[in-house]
Q: 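Pasting a structure below so you can have a look.
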Amino acid sequence: MTNGAPRSSPGPAAASSGLTAPATLDRKVVAGAVVLALAGAVAPVLPAYPLTLLTQAVIVAVLAMSLDVLLGYTGLPSLGHAAYFGIAAYTVGILATERQTGLAGCLVAALLLATATAAVFGFLAIRATGTYFLMITLALGMVVWGLAFRWVSMTKGDNGIAGVPRPELGLPWSLAAPLPFFYFALLAAALAWAAMGVLVRSPFGLGLKGIRESESRMRALGYNVWLHKYLAFVISGFFAAFAGVLWAYYNGFVGPVDVQLVTSVETLLMVALGGPGTLAGPALGAAAIVFLKNFVSVYTKRWLLILGAVYIGVILFAPRGVLGAFSREPHSAR
Amino acid sequence: MSAEFWITQAFNGISYGALLFLLASGLSLIFGVMRIVNLAHGSYFMLGGYVGLSVVWRTGSFLAALVAGAVAIALIGIGMERLFLRRLPGQTLGQVLMTVGFALMFQDVALLVWGGDPYTIPVPAALQGIVTAGTLRFPAYRIFIIVVAVLIGVGLWVVLDRTRVGAMIRAAVDDREMAQGVGIRVPVVSLGVFALGAALAALGGVIGGGFLGVYPGADFEVLPYAFVVVIVGGLGSLPGAMVGSLLVGLLDNFGKALFPELSYFTLFAPMALILALRPTGLFGRA
Amino acid sequence: MDDVTLAVRAGERRALIGPNGAGKTTLFNLISGELSASAGSITLFGRDVTRAAAHRRAALGLARTFQITNVFPSLTVLENCLLAVQALSPVKLAMHRSLGRYPVLHTHARATLEAVGLADRAGAVVKHLSHGEQRQLEIALALAGRPRVLLLDEPTAGLSPAESQMMAGLIKRLDPAMTVLVIEHDMDIALEIVRHVTVLHYGRVIADGTREDVRANPLVREIYLGA
Amino acid sequence: MLALSDVHTYYGESHVLQGITLSVSPGEVVTILGRNGMGKTTLMRSIIGFTPPRRGRVRFKGDDITRWPPYRMVERGMALVPQGRRVFASLTVRENLEVARHGQRGRWTLPRVLELFPRLGDRVQNRGNKLSGGEQQMLAIGRALMTDPDLLLMDEPTEGLAPLLVREVGRVIAELKREGLSILLVEQNLPLALSVADGVHILSRGQIVHSSRPAELMANEEVKSRFLGVA
């Protein structure tokens, strides 16, 4: 009832979708489709290395978009998102190398296992808000990293699982070759993008944005806020797992690095860089970081230093709209 | 398993918990006063160890290493707070990303300066012995760690609970805005707490360097431990950091000894349980 | 709050008044479920809801507005209203189809905006609205679910006199079957809307009756005017 | 002592104070009246620096303090008794008072504050969160006095207090006034407000809509009913 209490600041500026004007929606979809088609068109003429990076960017973009569903749309900053990505990647790695399981089997098992983990973790994390949510997701993410690192009989520990074979789909082109695999990844990413795009524009997706803006109002309107947040958490984990499956096939290797804290934070950076709550933005942010990391590491050994500076620079110099969205907690806690 | 096993493991757990306390108490204090989630806190631990190492090499004095490590890292902390973090009040995500940026840069700088090889900080001869009690053997250095942690814990408690400065810090934790409204220079208090937290982590790094060693990657290895301590104990609570450190130290040791492959699981599962029952930790307030 | 007993009949219009800190908003928070009562019971349409979560009470037909405007600032006016419209329907959990495929929701949302006079602002982002328009939206969100009981917490807070008059008109035009409980400081406005007034002071009901009764009540006069 | 000229304050986009001009002379008690949500607390927050004004100036003892951090205002001799008391929950009564001690002049000391509020004397070792509402209010006032102020900002010091305690607060305000302290008082309890005030302003929708002496306001039924009353 304090009339002097600072009101929580508004959410991201770029958040409102083209919902009210179907024309804008179409234009966005068209723009996205054009970008995808363009990527598909230039791929055959690209040299091997840029094509590899492009494939990587496409896959990581799915991971970044999955986090955006949670962070940008629902307002929940997860610091353990690599967990679902990593669990799926490990599942594929282990099944494909030790049991020669095919694509369908790997995909189903990986999505199930990672989504189930998200369902358990979400149950623990959704109870907390603000900083506590951040720290709990961090700690839960570390559980997965710890297992990857220490459960040597299952995960081969620090050595990781190498030689993950790419699936054979019975097509004339082998996915072992870079170009067919790129198209495979592109198609998969487009599907994931479309699915998440529909999700955030659906009635449920609007509910998520409402939660980001005001939980108390949502409760008063009759929403079960917990349920919405929980579903968003699990769905976000599902799409992260989808990216993890692609990653395992792309990289041919799965190791603790895929589930570590820095991977989770890097995904946050991609979302923040591209603009939370836009899907396309985080996808572009993902591409930007992937290219930056790889190009810089070609020219200098000091790429960590530069990447660190990028983190700090993004926070200091990115327009306030990009991060202002997250200054929700009034800093005079009462 | 023999009683000897249990006692030795418990002792190891407690001494590791003592080291964690040095790390986590600073993290918890910083969070309490400034609401900053500092992901560079593990870097303070690692850099403290490296600075201590260089000082021992140069001077041969362990004591000088402790002092130099703490002071150097306190200065780094002051620079980070004053020049960067202060620009992001209340922006949790921005703080997380920025402190990770610093952590990556520190990691690279350490690699540049000290190389990729692991080192151990040589400890004074007086701390190298073994204390025996019947058939039990306790390394003197681990006893030293416990003593240091107890002294620092008591010191922190006395300062926080018994002095005017401590009351000012607690006032800033309770209500940052109103603390300014009664004339407390909260920005100065914050800076001091940040420097103290960084210095404690660095102290932990130098001491830890004597038995865990100093090596690249130590920063992100200890960080989750510190976070678990703070989460379990409750953000911003000194007693919470004490109890949390002991709990985590014991769980980690017994976990590693009994279920080596699942040792992280044995550490984090109880944490999850505590959180499910008390989302703000054992001693935390909402 | 201290031992408040209040019974409101269906279709009744009642104002809740009292000095700052008298517990009016606290009472609303108890009724809507934002807070839970430590003792006593709250009954809605004959059903005990004392321990029910806020969203369950809303599902029973209870809606409220907030004293400090509580809307969704970076969404458009229409999106705000759609959120309220879909709130009590299972559609809110649909995630496989875009919201544009549910014309019924849009029709209902636009009708609600029409009712509060915001139809021409449907596409505007809420944070760019004037304060008065945001207060109108506040009401629209509560009305969109076609509630049976409506709690209005200072609907005219921060409005200019002209805007307040408009708001009063809007409230008077509400479906007469709807029960309305309103916290209002501006007595002129309150008395235009309601016949019954309850006065709270220090978390207790100190007067209850028609506006004439309350106006003449010496205790009320003393609290407000020291006369 | 204190002078505000054309102060405008915003919360985000919302324009809460719309050009406030007022002043408090040494030794004077000025009261701000007005209903809920009219900007009274925002006014206090703007003066002490919690929510600095976006436009306009605040002058205090000759200095332009508009953008000073709150602790500097306090060091200069301004103190706040905030709405909702906001005593430090984890500090004892004694500590709550001690952390606020800044003044060099020593007019207010721990014993003197305890003399003014005997009830606090019995509870010096209790933590802030163990006090009753009335005791918290006493502590909030005592804490403000410990900073040794020349100007006291009091934001609804009787909010939610039982009638006996309201009288107690009234007694304290009168005593402080006798000591020569300048006070800017926000109050909804009209009898109390009028009994201590030298001047009265009514705040409505972020603007001052009426200024007069207490006696004039007492006699002006129209203004009272329009901005304050029920009748």
Side-chain angles (χ1 to χ4, degrees), chain A residues 71 77 79 120-121 123-125 127-132 134-136 138-147 149-154 260-262 265-266 268-269 272 276 301-316 323-334, chain B residues 31 34-37 39 84 87-109 111-112 173-180 220 223-225 227-228 230-232 235 256 260-265 267-269 271-273 275-276 279-281 284 286:
Chain A
L71 173 70
L79 257 182
V120 175
F121 284 7
F123 195 75
L124 292 168
R127 286 170 56 92
T129 54
T131 311
Y132 282 90
L134 204 88
M135 299 186 82
I136 292 170
L138 177 142
L140 290 170
M142 294 311 298
V143 177
V144 176
W145 176 81
L147 285 176
F149 194 68
R150 292 264 170 77
W151 196 1
V152 179
S153 60
M154 181 61 96
Q260 72 183 2
L261 174 61
V262 173
V265 180
E266 213 165 270
L268 277 177
L269 177 70
K301 277 177 159 175
R302 299 272 76 85
W303 64 274
L304 261 184
L305 204 64
I306 292 170
L307 187 64
V310 168
Y311 273 88
I312 297 167
V314 166
I315 305 309
L316 286 183
L323 278 162
F326 303 98
S327 53
R328 293 177 149 233
E329 299 170 55
H331 43 124
S332 62
R334 286 179 63 178
Chain B
F31 180 82
M34 305 154 84
R35 309 271 137 184
I36 287 178
V37 179
L39 290 181
F84 294 94
R87 295 162 186 238
L88 306 172
Q91 299 178 30
T92 310
L93 190 69
Q95 291 162 355
V96 164
L97 291 175
M98 177 174 276
T99 52
V100 165
F102 274 106
L104 294 179
M105 293 177 80
F106 289 148
Q107 201 171 50
D108 213 27
V109 168
L111 203 62
L112 191 66
V173 173
D174 280 352
D175 188 336
R176 194 177 166 83
E177 186 178 79
M178 197 55 219
Q180 301 214 37
F220 281 108
L223 188 67
Y225 282 93
F227 271 80
V228 173
V230 173
I231 292 172
V232 167
L235 294 163
K256 276 180 183 156
E261 287 215 316
L262 301 177
S263 58
Y264 266 84
F265 206 69
L267 178 62
F268 287 98
M271 177 202 77
L273 190 72
L275 284 177
T280 55

Q: Could you check A/R302 against B/L111 for side-chain contact (heavy atoms from CB on, under 4.5 Å), going step by step and ending with a plain yes or no?
A: CA-CA 10 Å; A/R302 299 272 76 85; B/L111 203 62; 4.1 Å; yes
Q: With a 4.5 angstrom heavy-atom cut-off, could you sort out which part of B/L39 is near chain A: side chain, backbone, both or neither?
A: side chain
Q: Heavy-atom distances under 4.5 Å only: say whether A/L268 touches chain B with side chain, backbone, both or neither.
A: both
Q: A side-chain contact here means heavy atoms from C-beta on lying under 4.5 Å apart; do A/T131 and B/F31 qualify?
A: yes
Q: What is the distance from atom CG of A/L261 to atom CZ of B/F220, rounded to the nearest 0.5 Å?
A: 6.0 Å
Q: Mind checking side chain to side chain contact (heavy atoms under 4.5 Å, CB included) for A/L304 and listing every partner two or more places apart, or none if nothing turns up?
A: B/L104, B/Q107, B/D108
Q: Quick one: of B/V37, B/L112, B/L223, who has the most non-hydrogen atom pairs under 4.5 Å with chain A?
A: B/L112
Q: Which region of A/I306, side chain (C-beta onward) or backbone (N, CA, C, O), has a non-hydrogen atom less than 4.5 Å from a non-hydrogen atom of chain B, or is it both or neither?
A: neither
Q: Give, as side chain, backbone, both or neither, the part of A/W145 having an atom under 4.5 angstrom from any heavy atom of chain B.
A: side chain
Q: Determine whether B/M98 and A/V314 make a side-chain contact, defined as any pair of heavy atoms from C-beta on separated by less than 4.5 Å.
A: no
Q: Within this structure, what is the CD1-CZ distance for the pair A/I315 and B/R87, rounded to the nearest 0.5 Å?
A: 13.0 Å
Q: Taking only residues two or more places apart in sequence, or in another chain, which ones meet A/R150 in a salt bridge (charged side-chain N to carboxylate O under 4.0 Å, His left out)?
A: none
Q: Looking at A/L307, A/I136, A/T129, which makes the most heavy-atom pairs under 4.5 Å with chain B?
A: A/I136
Q: Is there side-chain contact between B/T99 and A/Y311, with at least one heavy-atom pair below 4.5 Å?
A: no
Q: Answer with side chain, backbone, both or neither: which region of A/L138 has an atom nearer than 4.5 Å to a non-hydrogen atom of chain B?
A: side chain
Q: Find out whether A/V262 and B/V100 are in side-chain contact, i.e. whether some heavy atom of one side chain is under 4.5 Å from a heavy atom of the other.
A: no
Q: Testing the basics here: between B/I231 and A/A139, what is the closest heavy-atom pair and its distance to 0.1 Å?
A: CD1-CB, 4.0 Å
Q: Could you check which of A/A125, A/A128, A/A309 has the highest count of heavy-atom pairs closer than 4.5 Å to chain B?
A: A/A309
Q: Please look at A/L269 and chain B and tell me whether the side chain, the backbone, both or neither of the residue comes under 4.5 angstrom of a heavy atom of that chain.
A: both
Q: Please report the closest heavy-atom contact between A/A272 and B/L97, naming both atoms and the distance.
A: CB-CD1, 3.7 Å
